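Source: prediction; values computed, not measured. Order of appearance sets the numbers: ligands from 1, and atoms from 1 within every ligand. Nothing fancy with the numbering, it's 1 onward along the sequence.
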Amino acid sequence: MKRTLGTCYYPEHWSTELWAEDAERMVEAGLTWVRIGEFAWSRLEPTPGDLRFEWLDQAIEVLGAAGLKVVLGTPTATPPRWMIDKYPDMVAVDVDGKPRKFGSRRHYCFSHQGYRAECARIVGLLAERYGKNRHVGAWQTDNEYGCHDTTISYSDAARDAFRVWCADRYKTIEALNEAWGNIFWSMEYNSFDQIDLPNLTVTEPNPAHSLAFRRFSSDQVVSFNRLQSDLIKAQSDAPTSHNYMGRITDFDHYKVGDDLDIATWDSYPMGFLEDRVGADAAHQKAYARQGDPDFQAFHHDLYRAVGKGRWWVMEQQPGPVNWAPYNPTPLPGMVRLWSWEAFAHGAEAVCYFRWRQAPMAQEQMHAGMLRPDSKDAQAMHECKQVRDELADAPDVQPAQARVAMIFDYDADAAWAVQPHGAGLSYFGLVFDTYKALRQMGLSVDILRPETRDFAGYDVVLAPGLMHMDAGLKQALNQAKSHIVLGPRSAARDGDMNIPVPLPPAIDGLDVTVDRVESLRPDSPVSLDNAGAFTGYRELLEGSAEVVLRSADGEAAVMSNVHVSYVAGWADVAGWRAILMPLLDKAGIKVMDLPDGLRVRDTAGERFWFNYSADPVSYDGRDFAAASVTRDAK
Ligand code: GAL
């Protein structure tokens, strides 16, 4: 497959005279794709029912005639002002009960039926008009579901829909009371109509209630998206997609992805560094102009799973963004590195956000491929370099990794409801595990929790899966791979109660979690060989073999022949100590990569990415700062 490049363009921001020249320059830059339309509702329908599609017809024609393929976005992330007059209660309501206002974007509640009907109307019209348009090569639904903390809404519309969701799920109010344990503190309901949303309670709401509400909120995103994708698919054969955002985990991306053909995500490596990576100040300083060396790769691997193999980067950071706490320019070479890293992980396309820097409104300080005066900006040079390299280089041939890790959005919700210690999150646990694997030079496949076939994987890790249904437990137990569980595996049943027999209750592995503790950041528990448990650990009992102890003599890892249970949140050195014997046994060669240097294996090549601001040496070789090296295997 030919890997391609693209950009995000807003024809409605520029005079029509510029369009043809822009299109020509895009083609010249080696771009195949141009995404348009996703925020243009106020120009498509300036007042209710006054539809103005002619400018969009023209924009698609100009771009298409130049040889570009259009990704057409539905404009539902930006309902126009008149919509709020029509439905004043359509906005999302925050946890403090305050409605969110018009004046930016994503100001809607997924549960509002009136707004859903408006979305169906505009999407239906777009699908009808452009469904067979030869220049429309793909579709995008909405823009970044969940971004700006917009998945969860405490509106009346959400409350009403949540009651219906609860009734569907539990059938009788007695069953719900029983499942949630509502006898505790006399929280029992007499009918579904009495159920409110879990905000503004005097102290913590019932975790079962909170988890149910998060699951409901996730389902609302799925059905909102399905409404759009069904309408598009009824009119068009072009693939559908949605652009997810880094570390937004409060809805189930796999389930949204089940209704789409391609998963895309928006990669802002430097934008993410301070707020989303969770690293200390020294790390942030060292990678200020490059981004964290593992954060992008993790999402690439995740979206490969969400897209069932078909995935893109829809928005690639091209220079400084406007929205992080600090916004330096990337080191020369990083735009190229980020692009190649995506391709090495299997991206079909990488699109730069955005074509021309906007001189107006919220993103004036966000770089584009062009400056506001239309001269080339920094990213353009590196984009052209990637264009030339793509023309010459062999195609990337994806290969199944030998190590896999399960990522479960529902577990993320359970940890969020009950972290048990400040700063603990499922994403953090999984990402620390992933970092350790990458430091060992391993390529990793991410799997969804519904996976039942683990063929081809030597080692499968499933840290922190708080709920494991019987089918998953059984499939893991029967897999030929070595399975690494813990901490908090199967720690709660489907309704957030502690199961008896106590966790993890894995057939054939005599391990029971006797008690658990969360740890202060300054008080990790050292492990015997190297590394430590940080943040969280469990004290285990049982007759399974203790293969690693912590310095205080407690069991850190207990195993049978093919399942290991890890009793805590290991740091990178800890994971190394835990996994080395298993990887060794599987015949997997492990590296000890210096900070910043990372590896990605495909069927035919080994890619090396040096995220460091300085050259690094490894195994007798030198790697330049911010560089990509390709070795044929
Ligand atoms: C993304 C968003 C774009 C733009 C960009 C700026 O999150 O999808 O529309 O706002 O950030 O970095």
Mind listing the side-chain donor-acceptor pairs of residues 58-74 below 3.5 Å, one per line with the distance, residues two or more places apart or on another chain?
residue	atom	partner	partner atom	Å
T74	OG1	D142	N	2.7
T74	OG1	Q228	OE1	2.7

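Among pairs with a residue in residues 94-105, those fulfilling side chain to side chain donor-acceptor pair (under 3.5 Å) read R105-H148, at least two apart in sequence or across chains.
The existence of a salt bridge linking D252 and R215 is excluded, since no basic side-chain nitrogen approaches an acidic carboxylate oxygen closer than 4.0 Å.
With F53 as the aromatic partner, R129 does not meet the cation-pi criteria of under 6.0 angstrom to the ring centre and within 45 degrees of the ring axis.
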What does the N/O contact table under 3.5 Å look like for ligand 1?
residue	atom	partner	partner atom	Å
ligand 1	7 (O)	E144	OE1	2.5
ligand 1	7 (O)	E144	OE2	2.7
ligand 1	8 (O)	N143	ND2	3.0
ligand 1	8 (O)	E144	OE1	3.3
ligand 1	8 (O)	E144	OE2	3.1
ligand 1	8 (O)	E315	OE1	3.0
ligand 1	8 (O)	E315	OE2	2.9
ligand 1	9 (O)	R105	NH1	2.8
ligand 1	10 (O)	R105	NH1	3.2
ligand 1	10 (O)	R105	NH2	2.9
ligand 1	10 (O)	E363	OE1	3.4
ligand 1	10 (O)	E363	OE2	2.3
ligand 1	12 (O)	W323	NE1	2.7
ligand 1	12 (O)	H366	NE2	2.6

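D250 meets the salt bridge (Lys or Arg N to Asp or Glu O under 4.0 Å) test with no other residue; sequence neighbours excluded.
Side chains of W265 and E315: a donor-acceptor N/O pair is absent below 3.5 angstrom, by distance only.
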